[in-house]
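Taking it in order: structure first as structure tokens, then the write-up.
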Amino acid sequence: TIDDNPICRGTCTTIRADVTGGDSTKYVYTWTPASLSGAGPIIICPGLTTEYKLVVSDGTSVPGRDSVTLNVVDPPTAQNDTTVCISAAAFNLTASPLGGTWSGPGIINAANGTFDPGVAGGGGKWIYYTISGCYDSVRVTVRNIWAGFPEAACPGAPAFQLFGFPAGGTWSGAHVTLAGMFSAPITPGTYTVTYTWNGCSANKDVEVAAIEITGKPDSICRSLDSVNILFTPYGGRWSGSGITNSYLGTFKPSSSGTGL
């Protein structure tokens with residue numbers, strides 16, 4: 001019996017003899033290749049496909065014979081390491097020979113090796129290609145870029161700074177400088193700007209409109225849980241007593257105290 005078959009070239013496995021009948025106290029094991037001895041388990045590390053033959057005798061019974069072939073296969077070769085943007089479309093990794101399976105973060109089709117950067121997330125990801133018990137790996141580095149939350153401004157408001165991640169990129173689009181200073185026009189509307197860093201880009205919207213509070217409670221019980229103040233446009237920042245989320249306008253009565 002061989003524990004693993006096939007095996008990758010350069011690796012090892014074990015072989016053992018499972019014998020019944022006759023006088024087990026007198027068993028004599030004759031292997032081919034002759035370098036093997038005993039019942040095992042015996043560690044074997046062939047460099048190529050090898051047939052192992054065994055004759056077992058107890059000196060009285062008819063000798064038992066058996067053989068097994070251990071297939072040795074070359075490990076697969078995966079493509080070179082690569083770097084992609086997190087916003088890039090899903091794509092197929094490559095390896096040879098064909099017919100194996102892929103695994104690792106971001107793999108959405110194991111047979112085709114389809115890698116989705118958005119699913120994998122930012123950073124370095126080790127992806128494995130396995131066939132016939134052998135494997136190779138490829139490291140995919142996903143460049144994570146983010147243009148930040150949507151912003152809002154009143155028509156004609158003073159210029160303000162946009163921020164992207166990682167720092168050091170450039171901005172493009174209507175009413176924005178390369179350094180990210182956005183000057184709100186007097187014409188209301190939604191303006192899409194783009195942040196580019198290291199060959200990757202991400203978009204976000206800046207909505208220019210007058211502020212309108214669409215849901216404003218006149219009074220609220222202090223014992224109530226947090227509530228979100230309804231408003232447009234999104235992208236501004238709330239401040240004041242009881243505000244626990246400046247982006248969503250979340251108000252917590254117990255944090256504000258009583259009164260106006």
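Numbering of residues begins at 1 and proceeds along the displayed sequence. Given the structure is predicted, the values throughout are model-derived calculations rather than measurements.
A single hydrophobic cluster is seen to contain both Val19 and Ile2, as judged by linkage of ILVMFWY side chains at heavy-atom distances under 4.5 Å, directly or through other members. Under the 4.5 Å side-chain heavy-atom criterion for Ile, Leu, Val, Met, Phe, Trp and Tyr, Ile42 and Val68 are members of the same hydrophobic cluster. Residue Val73 is not grouped with residue Trp102 when hydrophobic side chains (ILVMFWY) are merged at heavy-atom distances under 4.5 angstrom, including chains of intermediate members.
Formation of a donor-acceptor pair under 3.5 Å by the Glu207 side chain with backbone atoms of Ala152 is not found in this model. One N or O on the side chain of Gln161 and one on the backbone of Ala179 form a donor-acceptor pair closer than 3.5 Å. Side-chain atoms of Tyr52 do not come within 3.5 Å of backbone N or O of Thr69 as any donor-acceptor pair. Side chain of Lys53 to backbone of Thr32: no donor-acceptor contact under 3.5 angstrom is found. Using modelled atom types, one side-chain atom of Ser57 and one backbone atom of Gly59 make a donor-acceptor pair closer than 3.5 Å. At distances below 3.5 Å, at least one donor-acceptor pair connects side-chain atoms of Thr49 with backbone N or O atoms of Val72. Remark: the backbone N or O of Thr196 is not paired with any side-chain donor or acceptor of Trp171 at under 3.5 angstrom. With hydrogens and angles disregarded, no donor-acceptor distance shorter than 3.5 Å links the side chain of Arg65 to the backbone of Leu54. At least one donor-acceptor pair closer than 3.5 Å links the side chain of Lys204 to the backbone N or O of Phe149. In this structure, the side chain of Thr177 engages the main chain of Gly180 through a donor-acceptor pair within 3.5 Å.
When all heavy atoms of Gly121 and Val142 are compared, the pair lying nearest together is O-CB, 3.3 Å. Considering all non-hydrogen atoms of both residues, Pro41 and Arg16 come closest at CB-NH2, 3.7 Å. Nearest heavy-atom pair across Asp136 and Ala78 is OD2-N, 2.9 Å.
Here the two rings, on Tyr135 and Tyr129, have centers that are 6.0 Å apart or farther. Aromatic pair Trp146/Phe165: ring centres not closer than 6.0 Å.
Annotation: Ile43, atom CD1; neighbour count of heavy atoms from other residues, nucleotides and ligands within 6.0 Å does not exceed 12.
Looking at Asp205 and Thr192, their side chains do bring a donor and an acceptor atom within 3.5 Å of each other. Between Thr60 and Asp58, the side chains place no donor N or O within less than 3.5 Å of an acceptor N or O (distance only, hydrogens not considered).
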